Structures are given as structure tokens and as C-alpha cells.
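Every chain is numbered from 1 and lettered A, B, ... according to where its sequence line falls, protein lines coming before strand lines. Computed from a prediction, not measured in an experiment: that's the story for all the values here.
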Protein chains: 2
Amino acid sequence: MAKLAFRAQVLRAREAAIVAAAKHLLAAKGFDAMTVDEVAAEAGIAKASLYKHFDSKEAVAAAAMTRVVDTLLAALDELAAQASPDTPPLERLKAAMRWALQLNQAGELPALPAPNSSLLAALAAHAGYCERLAAANERVGAWVGAAQASGELNPELPAQALLWTLAACACGPLPGLLRRGGTHSDEQIAEFLLATCFDGLTKR
Amino acid sequence: MAKLAFRAQVLRAREAAIVAAAKHLLAAKGFDAMTVDEVAAEAGIAKASLYKHFDSKEAVAAAAMTRVVDTLLAALDELAAQASPDTPPLERLKAAMRWALQLNQAGELPALPAPNSSLLAALAAHAGYCERLAAANERVGAWVGAAQASGELNPELPAQALLWTLAACACGPLPGLLRRGGTHSDEQIAEFLLATCFDGLTKR
DNA sequence: GTCTATACCCGGATAGAC
DNA sequence: GTCTATCCGGGTATAGAC
């Protein structure tokens, strides 16, 4: 009995290793350039063994993307717990952006799946992923709505579009590009992106 | 003699067809998902014939990207010609952005090559592309500098970072995403993106 | 369930006739 | 230079022994 539980735990640990490797490679190279051989090698198992745990490359990637959203949800929880109850929603949004930008700069944040990617279809068909993504959308969307109601964010702009703008800014290639430029620290880059995203390029 | 010139013209026309097909597919599917077979089929020739004109898939894509930058330069010329001499630089930048956003919404603007793409290396090695890209960078950069000097754009932000931000906004996936949302017209979307990019998400 | 070895397919690139 | 037919590497997925 204990032995069976132990073996089940080992299996879960192996699956976790696979997902972690996929998450890493997904962020580093993207879905197309990532190969199943690489994932298996980084997880320390043979490719055929990987296919005992997941049906396809898409399924592995979907599991990894699901875990990415999970870490986002956890980060949102932590931010909400740390903030005092009267922290303005705009500050919460900025804190979430900082968290995502740090991940992006560290090369640990996969890019948004391209509109035509084969990955996108797999994600749309993955119930767990859709579920968690909807949860994250709702959570951040609530802050956006509150910030618009309080007049911090422009209330004339459609909320969903604001959300996508934030996501595109956080997950986009700019942090990496500016980092490659090499003339600024990561903190400077993050503050620049926050400033341009929330306050715009024109002088205030 | 005339016959030789004619045949040379036919060859150039074929090359133009190849490049046009590549440009289209590059914008529609991206470099990785685009296959040489598709390019040849859309150009109306056999794949082997394509390889008489270009050495590799990367070379085809580089030629297509070069032509994209060429059309940008031409558009900048036209905008400069149309504008009155005292048009403020910020207006010129916004007009250029509108032009790029329209192209993006029409699905005719290839995305920026990913940092790890094999395309990026080919582009960096392609003298013609680098040349034209530098020219475009200089032209738009001059407007950015002027707008910062006049106080229209925030002078505290590094100019090159501003430029990349503009490029990322114009070439990013947001126009397509919002278009898929379906609740707004292309003009509304373009104005929304211009507003958020230049004026930010917060209320002014 | 894990491995080695392999089937199978797709896509980039080429051979050789015309 | 253009075509048809082919090669060949690499990548997903599977077979079969253990």
C-alpha cells in the first residue's frame, strides 16, 4: 500500500520534471523550435517514456502553459495578500506587471501563442488551461474594472482591450530586446516599460 | 538584343512574384510555418526553379523582409511629401503608425523576427536588409528626436527604446487580436492603439 | 514504465532530363 | 531555367524487449 503510493509519487515527480523542462524550453525557444527529444533529455528520461505520460508534443506544451498560468495565479494571490486592503487597484496592476516583467527578463516567460500556432488549438481544447486562464482573466479584469471606476485607468477604453494590452506588454519581446541593448539595468528597463505602458510615450 | 532584355525582365518578374508570395506567407504564417513549397506554388513555379533564384529559404525570406522595409521607406517618403513643412514631428509619427497598423490589420505585416529565430541571423547577414533597416531607423529616429526636443515626446526616455516601443506596438499581435474580438471597427482599433501607445492606459 | 531501436512523414535541398 | 522525381536529415510517434 505504502509502496504503491510511493511509486505514484515518483510518477508525479517525473511528470513534474517533464513539465518543468517543457516550460523552460517553451520560454527559451518557443513551441516550434522546441523538440520532444530536448524535453525528454532535460527531464532525464527517454523520449518513449515521455509518451507514456503525454499523448503528444502539444499535450506536453499545454500542461506546461497551464503551469505558467498557475504560477501567475499564485503570484496574484501573494500580491493580494501582501497589499493592504486600501491599496489602489492601479498599484496592484503595476505590481503584477513588475512580476511578469521580471519573469520575462529572466527568460522564463513563454510568449503568447501565435494566432495560427498549432499550439493555440491544443490550448483551446485543454479544459484545465482554459479554466485557469479564465480565472486569471477574471482576477486581473476585476482590478482593471476597479481602476477604471476609480478614474485611475481611462474609463473610456474597453476593459478587455486594456487587459490584452497589458498582457502583450508583459509577454512581448521588448524586455528581451532592451536587455540585449545592454545599456540599462533590468530595473531601469522594467520601470521604462511600466512608464510607457501606463503613462504613454508623450510628455505629461 | 531586345529579346535578351525581355527575358531578363521576365526573370525579374518571376523573382518579384517569389518575393511577393514570400512576403504574403511570412505575414500570414510566420517564417517557421511557411514552407518553400507554398511559396513556389503561390508564385506559380516549381520548387526547384525557386532554388535557381535563391540559395535557401532564409534568403527568400530576407529578400521579402527587405521589400517590407522598402515599402516602409516609400510610405515615409509619401508622408513627408504630403505633410506641410510645419507639421509637428509627433503628427508625422502618428501618421506612420496609422499606416503600419492598417497593414498589420490587413494581415500583410510580418511580425518582428523572434530573438532566437534562424531568420534573424540570416537578416543580420543580409547587407541590403541591414542597410535599409538602418535607413528607416534613422528616418524615424530623427522624428523621435525632434518630438523629444519639442517636448511632445517624453525627453527623459531613451530614444532608441522609444523607437523599439513604437515598432513593437505597430508590428505586434494586438491589432489582430482585437480584430478577432470583433466588437470594434478597424478604425476604432487603430485609434485605441494610438491612444494607449502615445497617451498610456491611465487617465489624463 | 523505462529503455533501445525503428517506422514514418514532412520539409529543405538537389539531380538530371528537357 | 524550368520541370519531375528524388534524396536526406530531423522530428514525432511507436514497437517490442526488459
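Atom C1' of nucleotide C:dG12 and atom CG of B:Leu25 are separated by 16 Å, given to the nearest angstrom. Between the P atom of C:dG1 and the CG atom of A:Leu11 lies a distance of 5 Å, rounded to the nearest Å. To the nearest angstrom, C1' of D:dG1 lies 10 Å from CD1 of B:Ile45. With rounding to whole Å, B:Glu38 atom CD is found 13 Å from C:dC10 atom P. Whole-Å rounding puts the B:Glu15 CD to D:dT2 P distance at 9 Å. Rounded to whole Å, atom P of C:dA13 lies 10 Å from atom CG of B:Leu50. The nearest whole Å value for the distance from the CZ atom in A:Phe6 to the C1' atom in C:dG1 is 15 Å.
Shown here for A:Leu123 and A:Cys130, the closest heavy-atom pair between the two residues is O-SG, 3.5 Å.
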Extract from the structure each pairing of a protein N or O with an N or O of nucleotides 11-15 of chain D at less than 3.5 Å, listing the distance.
| unit_1 | atom_1 | unit_2 | atom_2 | d |
| --- | --- | --- | --- | --- |
| D:dT12 | OP1 | A:Val36 | N | 3.4 |
| D:dT12 | OP1 | A:Lys57 | NZ | 3.3 |
| D:dT12 | OP2 | A:Val36 | N | 3.1 |
| D:dA13 | OP2 | A:Tyr51 | OH | 2.6 |
| D:dA13 | OP2 | A:Lys57 | N | 3.0 |
| D:dA13 | N6 | A:Lys47 | NZ | 3.1 |

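A donor-acceptor pair under 3.5 Å links the side-chain atoms of B:Gln105 to the main chain of B:Asp186, judged by distance alone. With hydrogens and angles ignored, the 3.5 Å screen pairs a side-chain donor or acceptor of B:Asn116 with a backbone N or O of A:Ala28. Under the 3.5 Å distance criterion, the side-chain polar atoms of A:Arg92 are matched with a main-chain donor or acceptor of A:Thr87. A:Gln148 contributes a side-chain N or O that, together with a main-chain N or O of A:Leu157, makes up a donor-acceptor pair within less than 3.5 Å.
OP1 or OP2 of C:dT2 has at least one side-chain nitrogen or oxygen of A:Arg14 nearer than 4.0 Å. Contact annotation: A:Ser49 side-chain N/O to C:dC3 OP1/OP2 distance is under 4.0 Å.
Inspection of the B:Glu42 and B:His24 side chains reveals an N or O donor paired with an N or O acceptor under 3.5 Å.
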